[in-house]
Amino acid sequence: MSVWDDLVGQGPVVEQLRSAVESDGKMAHAWLFTGPPGSGRSTAARAFAAALQCSESPRGCGHCAPCHQVLQGTHADLEVVRPAGLSYGVRETRELVLRASSSPSGGRWQIVLFEDAERATEAAANALLKAIEEPPPRTVWLLCTPSPEDLLVTIRSRCRLVTLRTPPVSAVADVLVQRDGVDRETADVVARAAQGHLGRARRLATDPEARRRRAEVLAVPRRLTSVGPAVAAAETLVKAAEAEARAMSEELNESETSALRQALGESAKGRMPRGTAGALKELEDRQKSRATRVKRDSLDRALLDLASYYRDVLALQLGAGTELVNTDLAPELRTAASQGTPEATLRRLDAIMECRERLDANVNPQLAVEALTLALRTRTT
């Protein structure tokens, strides 16, 4: 198994990155990985980092010590940056640039993998630009954003662009069957529901609670009978997103806290050495900040699930002939399509996109979603 195996449906990207690894000295020192949610931006960047540090030939073997360490996030010459909050500040960026300027301690490159680089503030982006303009000879920056336009033009003009696409549903389903042991029927359903997002599909396939929360979101349209139920539906949608965010955060928090306590010298009886309380408190603060971001991201995913419902309705109204995302709701979708017009469905989709923009502008989630459900109920003509 090579480091490239998790890049589902990304053949051209794999070839691009393999070629860059083989060029070695001619390789660019700044890379920008872009693509829609679920396309595997971070996965591709980490695979590239592993191949750059790989000690075997051809590089990217996936089984040597450097490959394993990079994939596990423990390689001494790899720094993975995941903004904990809604933004990444200039002070943090300057500290990062300083660390990135050091020479590799044992690997071939000093690599910085910056996930969600679009969260950098303007001042942070300017500090990052200076480092990318004149990088040390053995330092490589790997930046991940949904779109090139999410970064300053001066940064993206200095980066080699890697564009990923949403993996085909069939490819995602194949991975679930072959690697996760999911039965073919379930794999096909969740791969379509996740719209090509492998991580989301895997969670839906293996976590009954995740499926239940998604079902609650897709039940919103049939609950919009009057103002009262519409407001209640908004509360249900927000709570479903909060529950998913809480589940994801608790899973991450537990592993991080356990790893830190072990690294700080926790005793067999669970006692911590003196002077470690500050490090644990700092981790707790970062986790709280991340929880806010995860909650907003989960709500955005819920809105996209809701949009997939109306997308299916619109496809049926227009006779597009495309495969439905929510195949298990086909009878309900056909009824909804027959009772409305394409124009009304488009207005509902616009309302969902407007709600996403409001949330991105930090509008109170409950108020934003209540406005959405009321708009979905009234935008029928």
With side chain to side chain contact (heavy atoms under 4.5 Å, CB included) as the criterion, how do Gln366 and Val369 come out once you've worked through the C-alpha distance, each side chain's angles and the decisive distance to 0.1 Å?
CA-CA 5 Å; Gln366 186 67 40; Val369 177; 5.9 Å; no
Taking only Lys NZ, Arg NE, NH1 and NH2, and the carboxylate oxygens of Asp or Glu, determine whether Arg358 and Glu354 approach each other closer than 4.0 Å.
yes
Only one of Thr93, Leu152, Ile155 clears side chain to side chain contact (heavy atoms under 4.5 Å, CB included) with Asn126; which?
Leu152
Test: Glu22 and Arg59 ion pair at under 4.0 Å:
no
Partners meeting side chain to side chain contact (heavy atoms under 4.5 Å, CB included) with Lys239 (sequence neighbours left out)
Glu235, Glu242
Cationic N near anionic O, under 4.0 Å, Arg202 to Asp180
yes
Any donor-acceptor pair under 3.5 Å linking the side chain of Asp77 with the backbone of Pro104?
no
Donor-acceptor under 3.5 Å (Ser102 side chain, Leu98 main chain)
no
Establish, from distance only, whether the side-chain atoms of Thr74 and Gln72 form a donor-acceptor pair under 3.5 Å.
no
Salt-bridge test for Arg119 and Asp297: reply yes if a basic N is under 4.0 Å from a carboxylate O, no otherwise.
yes
Between Ser19 (side chain) and Gln16 (backbone), is there a donor-acceptor pair under 3.5 Å?
no
Please confirm whether the backbone N or O of Ala232 pairs with a side-chain atom of Thr236, one donor and one acceptor, at under 3.5 Å?
yes
Say whether, by atom type as modelled, one donor and one acceptor occur between the side chain of Arg165 and the main chain of Gln10 under 3.5 angstrom.
no
Does anything in residues 120-129 form a salt bridge (charged side-chain N to carboxylate O under 4.0 Å, His left out)? List the pairs, not counting sequence neighbours.
none
Check whether any side-chain N or O of Arg160 sits under 3.5 Å from a backbone N or O of Leu32 as a donor-acceptor pair, and report yes or no.
no
Donor-acceptor pair, Gln53 side chain versus Arg108 backbone, under 3.5 Å?
yes
Salt bridge check: are Asp174 and Arg184 linked by an N-O gap of less than 4.0 Å?
yes
Salt bridge present between Arg200 and Asp305 (N-O < 4.0 angstrom):
yes
Under 3.5 Å donor-acceptor, Arg348 side chain and Leu376 backbone
yes
Are His29 and Trp109, when compared by the centres of their aromatic rings, separated by less than 6.0 Å?
yes
Is there a donor-acceptor pair under 3.5 Å between the side chain of Asp150 and the backbone N or O of Ser147?
yes
With the threshold set at 4.0 Å, does a side-chain nitrogen-carboxylate oxygen contact exist between Arg91 and Glu95?
yes
Verify the neighbour count for atom CZ of Arg158: are there more than 12 heavy atoms of other residues, nucleotides or ligands below 6.0 Å?
yes
Test your reading of the model: is there a side-chain donor-acceptor pair from Thr378 to the backbone of Leu374, 3.5 Å cut-off?
yes
Could you check whether any side-chain heavy atom of Val80 comes within less than 4.5 Å of a side-chain heavy atom of Arg46, counting everything from C-beta outward?
yes
Parallel under 30°, tilted from 30 to 60°, perpendicular over 60°: which one fits the rings of Phe48 and Trp31?
perpendicular
Pair Gln317, Thr345: side-chain N/O donor-acceptor within cut-off below 3.5 Å
yes
We want to know whether Asp183 and Thr186 form a side-chain donor-acceptor pair, criterion being a heavy-atom distance below 3.5 angstrom.
yes
Chi angles and distances behind the side-chain hydrogen bond (donor to acceptor under 3.5 Å, both in side chains) call for Asn326, Arg214:
CA-CA 11 Å; Asn326 304 289; Arg214 186 174 188 275; 2.8 Å; yes
Do Arg179 and Asp6 meet the salt-bridge criterion of a basic N to acidic O distance under 4.0 Å?
yes
Of Tyr88, Phe33, Trp141, the one forming a ring pair (Phe, Tyr, Trp, His ring centres under 6.0 Å) with Phe114 is Tyr88
